[in-house]
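Report on the following structure.
Bear in mind the structure is a predicted one, so any value in this text is a computation, not a measurement.
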Amino acid sequence: MKNIQLFGLLLVVVGSFLPLVHVPIIGNWNYWKLDHYLAIACWIFSACALFGIVNNEKKITRTFAVLLILLFIFTLIAVKIQSLDYFSFLPFKSWRKTLAGVVKLRWGWFFEFLGAFLMIFSKSNNKKI
């Protein structure tokens with residue numbers, strides 16, 4: 001359904017402004033504070049998915065929803081690697097892992113993934129005659 005896909009798209013867009021990562025002392029970061037280029041890619045994929053939703057192109061919508069999920073997974077991996085790399089000056093790996101573990105993921109990711117999965121798994125009511 002178009003409404004469910006639009007709701008999923010809205011969740012993805014709103015989720016980009018919600019807290020995604022918590023860094024101690026600095027605070028919560030959303031997509032725009034994590035990386036501008038990843039946030040712009042998220043919005044471009046969302047705009048392309050909106051194009052697919054408006055034009056009833058299910059294949060385009062699902063393709064960009066899958067690309068959004070891949071972007072979110074890439075971002076999660078990048079955050080983990082960056083937090084490990086940030087503490088690379090420490091002499092022991094156990095210290096690096098402990099301090100990198102201080103960087104926590106927040107609840108905004110739930111909205112991001114839920115919105116993308118809604119765009120993928122929503123069924124259409126179009127009946128061909």
For the student: nearest non-hydrogen atoms of [X] and [Y], plus distance:
{"X": "Ala116", "Y": "Ala65", "result": "O-CB, 3.7 Å"}
{"X": "Asn28", "Y": "Pro19", "result": "CB-CB, 3.7 Å"}
{"X": "Ser122", "Y": "Gln5", "result": "OG-CG, 2.8 Å"}

Approximate separation, where rounding is to 0.5 Å, of [X] [atom1] and [Y] [atom2]:
{"X": "Ile4", "Y": "Lys2", "atom1": "CD1", "atom2": "NZ", "value": "13.5 Å"}
{"X": "Phe51", "Y": "Ser46", "atom1": "CZ", "atom2": "OG", "value": "15.0 Å"}
{"X": "Leu68", "Y": "Cys48", "atom1": "CG", "atom2": "SG", "value": "9.5 Å"}
{"X": "Asn30", "Y": "Leu20", "atom1": "CG", "atom2": "CG", "value": "6.5 Å"}

Take Arg106 and Val21 through the side-chain contact (heavy atoms from CB on, under 4.5 Å) test and state the conclusion after the steps. CA-CA 5 Å; Arg106 302 302 285 182; Val21 176; 5.5 Å; no
Using 30° and 60° as the class boundaries, would you call the ring planes of Trp107 and Phe111 parallel, tilted or perpendicular? perpendicular
Give the cluster check for [X] versus [Y]: same hydrophobic cluster or not, with ILVMFWY residues linked at side-chain heavy-atom distances below 4.5 Å.
{"X": "Phe110", "Y": "Val13", "answer": "no"}
{"X": "Ile73", "Y": "Leu67", "answer": "yes"}
{"X": "Leu34", "Y": "Ile44", "answer": "no"}
{"X": "Phe121", "Y": "Leu70", "answer": "yes"}
{"X": "Trp32", "Y": "Leu105", "answer": "no"}

With side-chain contact (heavy atoms from CB on, under 4.5 Å) as the criterion, how do Met119 and Leu9 come out once you've worked through the C-alpha distance, each side chain's angles and the decisive distance to 0.1 Å? CA-CA 7 Å; Met119 285 192 287; Leu9 182 68; 4.0 Å; yes
Take atom CZ of Phe113 as the centre, draw a 6.0 Å sphere, and report whether it contains more than 12 heavy atoms from other residues, nucleotides or ligands. yes
Under the criterion side-chain contact (heavy atoms from CB on, under 4.5 Å), I'd like the reasoning laid out for Leu50 against Leu6: C-alpha separation, chi angles, the key distance, then a yes or no. CA-CA 8 Å; Leu50 178 64; Leu6 285 173; 3.8 Å; yes
Output all residues satisfying side-chain contact (heavy atoms from CB on, under 4.5 Å) with Phe74, sequence neighbours left out; order by chain, then residue number.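 Here the qualifying residues are Leu38.
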Which of these passes ring pair (Phe, Tyr, Trp, His ring centres under 6.0 Å) with Trp43: Phe17, Phe64, Tyr31?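 Only match with Trp43 under ring pair (Phe, Tyr, Trp, His ring centres under 6.0 Å): Phe17.
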Do the side chain of Glu112 and the main chain of Ser16 share a donor and acceptor less than 3.5 angstrom apart? yes
Positive for side-chain contact (heavy atoms from CB on, under 4.5 Å) with Cys42, one of Asp35, Thr75, Val12: Val12
Taking the side chain as everything from C-beta on, heavy atoms only, tell me whether Leu118 gets closer than 4.5 Å to Leu11.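 They are in side-chain contact.
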Applying side-chain contact (heavy atoms from CB on, under 4.5 Å), run through Ile69 and Ile120 and close with a yes or a no. CA-CA 10 Å; Ile69 289 173; Ile120 291 174; 3.5 Å; yes
Under a single-linkage rule joining Ile, Leu, Val, Met, Phe, Trp and Tyr whose side-chain heavy atoms are separated by less than 4.5 Å, which residues share a cluster with Tyr37?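 Reading the cluster by chain and number, Tyr37 sits alone, since nothing else belongs.
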